[in-house]
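This report concerns only the one structure given below.
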Amino acid sequence: MTDCELVRRMQQGDMQAFDTLYERYKDDAYRLACLITGNRTDGEDLAQEAFVACAQSIGSLRDGAKFRPWLLRTLSRAAWKYCRKAKRETPVSEFFEGETGESALSAVLRTDEQRRLYAALDTLDEKRRVTVVLYYFDDRSVKEIAQATGVTEGTVKSRLFSARRHLRQALTDRESRPKEVASHE
């Protein structure tokens with residue numbers, strides 16, 4: 001059954017349709033929330049809150065085929081708001097430590113190079129970090145990211161360009177430091 005059909009059924013009060021959409025997108029929502037907040041518990045809470053918010057306002061969604069971008073936009077905004085309210089930087093490295101191998105991503109993180117990349121990723125502001133995560137880790141197109149985050153495709157491209165430049169510089173700076181200094185971070 002398509003998202004459009006499920007949304008239409010939800011709008012008619014069929015909660016089984018909601019369950020189907022939840023099962024379809026819960027992993028994507030959880031992964032995005034965790035990567036933004038850097039915390040599994042907060043990520044789980046925010047993902048559930050985003051689903052509830054979408055279920056409560058499902059009547060306002062005109063195109064059911066756009067449920068996923070609508071959900072992710074709702075979730076992204078809630079996660080950004082949470083991070084601003086918590087007034088803390090997102091400790092992405094904390095999220096990945098102790099990962100139980102549930103994804104291919106966690107296997108890759110075992111290498112030193114990947115750990116350096118995630119430390120650099122942690123230095124990005126929230127909007128660029130979300131864009132990078134969706135593009136590189138979630139394999140989303142520029143168009144899909146624009147829909148999910150509620151910005152133009154040009155803004156997504158600009159954020160990717162800026163993030164790449166920042167990450168390149170962060171990785172170069174880190175590699176050029178003496179090993180003793182880098183190891184004490």
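As the structure is a computational prediction, the values presented were derived from the model and not from experiment.
Between D3 and R24 a salt bridge is recorded (basic side-chain N to carboxylate O distance below 4.0 Å).
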Requested in this report: Decide yes or no on side-chain hydrogen bond (donor to acceptor under 3.5 Å, both in side chains) for R164 and Y136, but give the supporting numbers first.
Outcome: CA-CA 11 Å; R164 285 183 200 116; Y136 289 107; 2.7 Å; yes

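In this structure the side chain of I145 never reaches within 4.5 angstrom of the side chain of V130, judged on heavy atoms. Two residues are said to be in side-chain contact when any heavy atoms from C-beta on lie closer than 4.5 Å; T2 and E5 meet this criterion. T149 places none of its side-chain heavy atoms less than 4.5 Å from the side chain of R73. Here the side chains of H166 and Q169 are not in contact, with every heavy-atom distance at 4.5 Å or above. Using a 4.5 Å heavy-atom threshold, the side chains of R128 and S162 count as touching.
Counting heavy atoms of neighbouring residues, nucleotides and ligands inside a 6.0 Å radius, atom CD of Q16 does not exceed 12 of them. Heavy atoms from other residues, nucleotides or ligands lying under 6.0 Å from CZ of F161 number 12 at most.
Put simply, CG on L124 and OG1 on T131 are 9.5 Å apart, with the number rounded to the nearest 0.5 Å. In this structure, the separation between CG on L46 and CG on L32 is 10.0 Å, given to the nearest 0.5 Å. Once rounded to the nearest 0.5 Å, the distance linking SG of C4 with CZ of R9 reads 12.5 Å. Distance check: D19 CG to K26 NZ gives 10.5 Å after rounding to the nearest 0.5 Å. Note that the OG atom of S76 and the NZ atom of K81 stand 14.5 Å from one another [nearest 0.5 Å]. Distance check, rounded to the nearest 0.5 Å: SG of C54 to CD of E49 gives 12.0 Å.
Shortest non-hydrogen contact noted between S60 and S57 is OG-O, 2.7 Å. Contact detail for V132 and A163: the closest heavy-atom pair is CG2-CB, 3.4 Å. The two residues A170 and T123 have their closest heavy-atom pair at CB-OG1, 4.5 Å. Closest non-hydrogen pair, A29 versus L72, comes out as CA-CD2, 4.3 Å.
If you chain together ILVMFWY residues whose side-chain heavy atoms come under 4.5 Å of each other, F51 ends up grouped with M1, L6, V7, M10, M15, F18, L21, Y22, Y25, I58, L61, F67, W70, L71.
Side chains of S158 and T155: a donor-acceptor N/O pair is absent below 3.5 angstrom, by distance only. Residues Y135 and R159 bring no donor and acceptor atom of their side chains to less than 3.5 Å of each other.
With sequence neighbours excluded, the residues forming a side chain to side chain donor-acceptor pair (under 3.5 Å) with R68 are D28, D138, listed by chain and number.
Between the Q48 side chain and the D45 main chain, no donor and acceptor come within less than 3.5 Å of each other.
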